[in-house]
2 protein chains.
Amino acid sequence: MVDQAFPLWFSGVMSDDLDTVFAALADPTRRAILAMLLEDDMAVTDVAEPFEMSLAAISKHLTILTRAGLISQEKRGRVKWCKLEPDALRAASVWMQGFGQFEPVNLDAFERFLENQLSAGDEA
Amino acid sequence: MVDQAFPLWFSGVMSDDLDTVFAALADPTRRAILAMLLEDDMAVTDVAEPFEMSLAAISKHLTILTRAGLISQEKRGRVKWCKLEPDALRAASVWMQGFGQFEPVNLDAFERFLENQLSAGDEA
DNA sequence: AGCTTGGTCAACCATTTGGTTGAATATGCG
DNA sequence: CGCATATTCAACCAAATGGTTGACCAAGCT
């Protein structure tokens with residue numbers, strides 16, 4: 001799939017893995033699910049509860065997150081537990097570090113970013 | 001758009017900005033373009049040259065990257081120059097840091113990641 | 001002015017995405 | 001066994017995505 005005619009860095013940039021990870025992250029529902037799982041592992045039904053959306057829709061989102069490697073699902077009894085799996089996220093994050101020679105992660109910048117998001121939301 | 005009934009962190013997670021940034025990153029052509037721009041600013045035609053795809057298609061990809069804030073475009077004379085704009089990327093990267101309590105970015109990990117991508121490509 | 005080059009616009013097309021509903025498949029409980 | 005709970009499957013739908021082509025506009029060259 002990756003042709004030798006391309007320069008080396010293409011192998012990293014073109015990878016399907018990044019496709020699925022970034023595509024998974026591009027949906028706000030899925031990001032919200034990840035954030036929920038950050039606090040604790042959850043059953044599918046509990047994940048679905050805060051959303052105004054069918055259980056089936058959430059189930060689909062969860063398989064997308066699973067295929068991206070962002071979460072794992074383990075069936076125990078009749079409930080399927082969802083668990084955050086930060087490795088894929090870390091891989092994508094690390095890929096991003098290749099750009100812009102980012103200075104080591106700055107938590108202040110994160111807070112400023114969140115504030116911007118917040119005020120941007122107020123304007124609308 | 002973001003409802004006050006949601007907990008605070010939703011404002012960050014649900015933001016449209018992240019939607020467009022991650023969606024932009026989910027396409028391998030666009031990631032390749034970013035990687036090219038990492039080396040130098042380029043005119044639209046030159047960006048398009050290595051791809052087996054119409055100029056119009058590349059032009060669309062560039063507007064998507066621009067709307068995501070990942071690049072900027074400035075028209076000088078009759079050529080439009082594309083320039084990497086790492087702030088949006090940084091914002092997304094910083095968002096990711098919220099997950100998994102990532103250890104400070106590890107360049108060795110990046111190299112290992114690239115090697116994995118490489119060998120994965122060979123297998124296929 | 002007239003040609004060429006750089007880039008976008010508009011219309012179109014196939015495929016994917018994100019959602020729905022209703023039926024189906026476990027698994028546990030009394 | 002018979003019922004309720006947890007989750008997925010299948011079919012369907014509207015809208016978005018990623019590409020094409022051909023016409024179009026803008027800027028420089030002779």
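No hydrogens, no waters, no symmetry mates; every other heavy atom, side chains included, goes into these values. We name chains A, B, ... by the order of the sequence lines, and we start the count at 1 in each one.
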Participant: Picking from C/dT20, D/dT7, C/dT8, which would you name as closest to the side chain of A/Ala43?
Facilitator: D/dT7
Participant: From the list D/dG18, C/dT8, C/dG19, which nucleotide is the closest neighbour of the side chain of A/Lys60?
Facilitator: C/dG19
Participant: Base, sugar-phosphate or nothing for B/Ala56? Non-hydrogen atoms, less than 4.0 Å.
Facilitator: base
Participant: Taking 4.0 Å as the cut-off, does a side-chain nitrogen or oxygen of B/His61 come that near to OP1 or OP2 on D/dT17?
Facilitator: no
Participant: Dump every N/O contact between nucleotides 28-30 of chain D and the protein below 3.5 Å, one line per pair.
Facilitator:
none

Participant: Find the distance A/Trp81:CH2 to D/dA6:P and express it as a whole number of Å.
Facilitator: 11 Å
Participant: From the list D/dA27, D/dT7, C/dT27, which nucleotide is the closest neighbour of the side chain of A/Val79?
Facilitator: D/dT7
Participant: Of all the heavy-atom pairs spanning A/Leu25 and B/Phe22, show the shortest one and how long it is.
Facilitator: O-CD1, 3.5 Å
Participant: Any idea which of D/dT8, C/dG19, D/dA26 is nearest the B/Lys75 side chain?
Facilitator: D/dA26
Participant: Using a cut-off of less than 4.0 Å, is there contact between a side-chain N or O of A/Ser59 and OP1 or OP2 of D/dT7?
Facilitator: no
Participant: Any donor-acceptor pair under 3.5 Å linking the side chain of A/Thr66 with the backbone of A/Leu62?
Facilitator: yes
Participant: For the side chain of A/Asp27, counting heavy atoms from C-beta on, which of D/dA26, D/dG19, C/dG18 is nearest?
Facilitator: C/dG18
